[in-house]
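Single-structure report; data block below.
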There are 2 protein chains.
Amino acid sequence: MAEDVFKALADPTRRRILDELVERDGQTLFEICTRLVTGHGLGLSRQAISQHLAVLESAGLVLSRRQGRYKFHDLNTEPLERIVTRWLRPDAPEKTP
Amino acid sequence: MAEDVFKALADPTRRRILDELVERDGQTLFEICTRLVTGHGLGLSRQAISQHLAVLESAGLVLSRRQGRYKFHDLNTEPLERIVTRWLRPDAPEKTP
DNA sequence: ACCATAGGCAAGTCGCGACTTGCCTATCAA
DNA sequence: TTGATAGGCAAGTCGCGACTTGCCTATGGT
């Protein structure tokens with residue numbers, strides 16, 4: 001649903017996670033944790049990030065593949081492209097004609 | 001800020017308001033109220049809609065022009081176009097090549 | 001077998017956002 | 001000037017979402 005996508009994007013921490021994944025796909029939970037703490041200075045527990053990933057995953061913005069004891073996360077931009085065109089008028093000025 | 005745009009889009013009622021404005025620009029608060037109640041069956045007070053409009057306005061998604069005792073609201077899609085390109089990879093597959 | 005690593009589940013705290021209620025201001029018509 | 005219309009301000013209630021804490025499962029290395 002579009003509802004889940006908007007709610008997922010509402011949180012700044014979840015947007016940071018998307019920032020991490022657009023930079024490098026296939027990161028594990030612990031990788032994302034350390035990179036958020038060291039890179040952005042966020043002091044969050046592992047469970048907090050885990051719950052955020054669950055939200056992003058149920059919104060379809062993140063796909064995960066389990067492999068042994070690792071779980072890799074990939075960004076999926078497909079839901080993003082739908083939602084915003086909702087309010088873009090068909091006769092909008094073209095940027096790149 | 002992009003922060004305000006995402007927070008504004010997080011609420012379903014505010015998205016309905018954008019739906020109303022993309023259909024017809026320049027509506028007043030009371031027009032939006034009645035059309036939300038009759039069209040979508042939402043039971044919301046006038047103040048609730050007013051506060052939602054304030055959020056949309058501070059996010060830059062809605063512009064307002066006062067004229068006499070009326071206040072007309074217009075949709076501004078410009079903030080929308082920025083925020084989503086944030087996670088769209090430059091080498092994304094083209095839909096219309 | 002043992003321990004460390006990678007992750008999940010569940011209950012609990014807490015603050016913020018959505019909504020209401022009540023009252024006030026301003027503009028227009030009669 | 002009075003009343004009706006259009007809107008604003010402020011305090012208060014309440015539920016949901018973000019985060020923590022504690023414990024549990026499973027895979028891999030040695």
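Just so you know, these numbers come straight off a predicted model, no measurement behind them.
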| request: Specify the closest pair of heavy atoms between A:P12 and B:E3, including all atoms of both residues, with the distance to one decimal. | output: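 Distance-wise, the nearest heavy atoms are CB-OE1, 3.8 Å.
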| task | From the options A:D19, A:T77, A:N76, select the one residue that forms a side-chain hydrogen bond (donor to acceptor under 3.5 Å, both in side chains) with B:W87. | result |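 Running side-chain hydrogen bond (donor to acceptor under 3.5 Å, both in side chains) over A:D19, A:T77, A:N76 with B:W87 returns exactly one hit, A:D19.
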Between [X] and [N], is there a contact of a side-chain N or O with OP1 or OP2 at under 4.0 Å?
| X | N | result |
| --- | --- | --- |
| A:H52 | D:dC19 | yes |
| A:S45 | D:dT20 | yes |
| A:R14 | D:dA18 | yes |
| B:S50 | D:dG7 | no |
| A:K71 | D:dT27 | no |

Which nucleotide wins on minimum distance to the side chain of [X], given the candidates [options]?
| X | options | answer |
| --- | --- | --- |
| B:L29 | C:dG7, D:dG28, D:dG7 | D:dG7 |
| A:Y70 | C:dC19, C:dA6, D:dT20 | C:dA6 |
| B:F30 | D:dG17, D:dG7, C:dT20 | D:dG7 |
| A:R46 | C:dG7, C:dC28, C:dA4 | C:dG7 |

| query | Just one of A:V55, A:L9, A:L53 clears the side-chain contact (heavy atoms from CB on, under 4.5 Å) bar with A:R14, so which one? | reply |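 Running side-chain contact (heavy atoms from CB on, under 4.5 Å) over A:V55, A:L9, A:L53 with A:R14 returns exactly one hit, A:V55.
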| request: Let me know, please, whether B:Q67 or B:Q47 comes out on the 5' side of the other along DNA chain C by nearest nucleotide. | output: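 Mapping each residue to its closest nucleotide by heavy atoms, the 5'-most match is B:Q47.
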